Structures are given as C-alpha cells and as structure tokens.
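Inspection log for the structure reproduced underneath, given as structure tokens.
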Amino acid sequence: MRQNIVAGNWKMNKTLQEGVELANELNTILASKTLNCDVVIGVPATHITEVVKTVDGAKIGVAAQNCADQVSGAYTGEISASMVKSTGAEYVILGHSERREYYGETNATLKTKTDLALANGLTPIFCIGEVLEEREANKQNEVVKSQIEEALFHLSADEFAKIVLAYEPVWAIGTGKVASPEQAQEIHAYIRSIVADKFGAEVADNTSILYGGSCKPGNAKELFSNPDVDGGLIGGAALAAADFVGIIDAF
Ligand code: PEP
C-alpha cells in the first residue's frame, strides 16, 4: 500500500547554521513520536551533508531541491544527481513550479532529470500543477496530464513505481489560497486514474500523490483525509519546526 509522506521544501531559506538548527529541532521533536507517515526535508544543496548527519535517517529523509540534466562535466554551478546521492540525500524534488517558471525547466528537461535521478538511486518528488488562468479555464486536468505524460510516461512501470508525485496548483503556492479538499481529491483521483491507464491499477494504487500549496497545521487534516491525498509538500510551514510537526501530526 502507498506511503503517506510529509515533505518540506525549504527553498532558498536558512543559512547552513540555521538549517542545521531547524533540522536538529525537528529531529528532537520527532524522536519521541511514533510517526504515521514518512517525513522528508528538502534543503538547500549546501546543507544536505550536515543535515543528513544531524537527523535520524530512520525518521527523516533528506531531499535535494533540484539536480542537473547532465551527467557530469563543464556545467558551471550545476549539481549532478550522482553528487546529490553522494551527500546521503535519498530524494530529489523535481519540476517545482518555481524551477519551471524562473529557470525555464520544461517537461523535456524534467524527463532527463528524472532519468538521472532514478539511475542514481534517488526518489524523485515530481511536481505538477496548473497556473491560475489554467484553473479558471478548467484546464487543470489536461495540464497535469501533459506534464506527467511528457516527463514520466517513457518510464517502465518498475521505474515509475519509484516516483512520488506532488500536485501543487501554482495559484496555491505561497499565496495562502489553499485548494479545497474537494478540489484536491478530484484532481488527485484524476492523476491516479491516468497513472492506472498507463501503468496499471497496482502501480497507481501504490503511488503516493502529495498535495502542495499553502498547506498548514490548520488545514492539513482535512486535506489528508481524502482517499487520494497521500500527504503534502510543504513550503512556508516547513520553516518552523512546530508548524511542520503540526502537519506531520495530521496523520
Ligand atoms: C511549495 O513551494 O512546494 C509549497 C507548497 O509552498 P507553500 O506551502 O508555502 O505554499
């Protein structure tokens, strides 16, 4: 059966020292808890090695927020999937809407990044989601379908089974405007149905589909209680241990 997951995305926040402090705080709080979900923190690349050393890996997995679309070589400033893996990270967030919007990531780039992440034993947390105009034009289903088809449908069923999906309506990210539980359930069920059509019911049933976009301790329970919402990808509320734990406690 699929895993429930609460994953934090720290984005470009926190110095190394602040990040280690937050990871340590989270680790201390979670040490005394029995968790009903997997917990992941997506930290800046500069922090991964220290954060991996700081947390109990049995309770907290660490994610990079990106990896390169090239194996190695003359790509100044880039960090390859094998480099990410060598830090001890187990996950990589791919296709976040901020990467798509500000850094021109396309479904084609993300296809390559996914292949490299999988080839290096990383679990991609693969983000999809529509912008406001697409939602207003009722095009959200076709948008997420093409994002998944173009970046992930070349995979074998065994490869796809290693992917975590994160549905993040762009209009809900960092805006305080959260999708209603009904909106989330409707599109998560749709996403699962297209995965089932392509890879079969078993793969679809086992795929974790997270919701992201202004998820907070106050709305997490209602969102996560939907049958097709298997947790959350959390931005702002992942930057304070108490808030992040409040969301983890929703399970
Ligand atoms: C995100 O950036 O993945 C996200 C969901 O952000 P926020 O929770 O702040 O909306």
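The structure presented is a predicted model; accordingly, all values stated were derived computationally and were not measured. Atoms within a ligand are numbered from 1 in the order they appear, just like the ligands themselves.
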Inset, instruction - Report the C-alpha separation of D115 and H154 in whole Å, then their side-chain angles, then the decisive distance to 0.1 Å, and conclude whether the side chain to side chain donor-acceptor pair (under 3.5 Å) test is met. - result: CA-CA 10 Å; D115 288 342; H154 66 292; 2.7 Å; yes

Inset, instruction - Take the angle between the ring planes of F160 and F199 and call it parallel below 30°, perpendicular above 60°, tilted in between. - result: parallel

Legend entry - Any N/O pair K216/ligand 1 closer than 3.5 Å: no

Legend entry - Protein residue, atom and distance nearest to atom 2 (O) of ligand 1, heavy-atom basis: K11 NZ, 2.5 Å

Legend entry - Numbering as shown, the atoms of ligand 1 that approach N9 to under 4.0 Å (heavy-atom distance): 2 (O), 3 (O)

Legend entry - T106-T109 side chain donor-acceptor pair, cut-off 3.5 Å: yes

Legend entry - N/O donor-acceptor pair under 3.5 Å between E130 side chain and R135 backbone: no

Legend entry - Backbone or side-chain N or O of G235 under 3.5 Å from ligand 1 N or O: yes

Inset, instruction - May I ask you to check whether N27 and E25 show a side-chain donor-acceptor distance below 3.5 Å? - result: no

Inset, instruction - Of the side chain and backbone of I173, name the one, both, or neither that has a heavy atom under 4.0 Å from an atom of ligand 1. - result: both

Inset, instruction - Compare all side-chain heavy atoms of E134 with those of V131 and state whether any distance is below 4.5 angstrom. - result: yes

Legend entry - Location of contacts on A172 toward ligand 1, heavy atoms closer than 4.0 Å: backbone

Inset, instruction - Please tell me if the side chains of W10 and L22 come closer than 4.5 Å, counting only heavy atoms from C-beta onward. - result: yes

Inset, instruction - Please indicate whether any nitrogen or oxygen in E168 is less than 3.5 Å from any nitrogen or oxygen in ligand 1. - result: yes

Inset, instruction - Using a strict cut-off of 4.0 Å, indicate which atoms of ligand 1 neighbour a heavy atom of H96. - result: 1 (C), 2 (O), 3 (O)

Legend entry - Where ligand 1 meets S214 - atom numbers and elements under 4.0 angstrom, heavy-atom basis: 7 (P), 8 (O), 10 (O)

Legend entry - side chain to side chain donor-acceptor pair (under 3.5 Å) assessment of Q147 paired with N107: CA-CA 6 Å; Q147 288 171 331; N107 294 332; 5.2 Å; no

Inset, instruction - Measure up the H188 and Y167 rings against each other and bin them: parallel (under 30°), tilted (30 to 60°), perpendicular (over 60°). - result: perpendicular

Inset, instruction - Ignoring angles and geometry beyond distance, decide whether G236 reaches within less than 3.5 Å of ligand 1 through its nitrogen or oxygen atoms. - result: yes

Inset, instruction - For ligand 1, find out whether one of its N or O atoms is nearer than 3.5 Å to an N or O atom of G174. - result: yes

Inset, instruction - Provide the number and element of each atom of ligand 1 under 4.0 Å from a heavy atom of G213. - result: 5 (C), 10 (O)

Inset, instruction - Take every heavy atom of A238, measure it against each atom of ligand 1, and state whether any distance is under 4.0 Å. - result: no

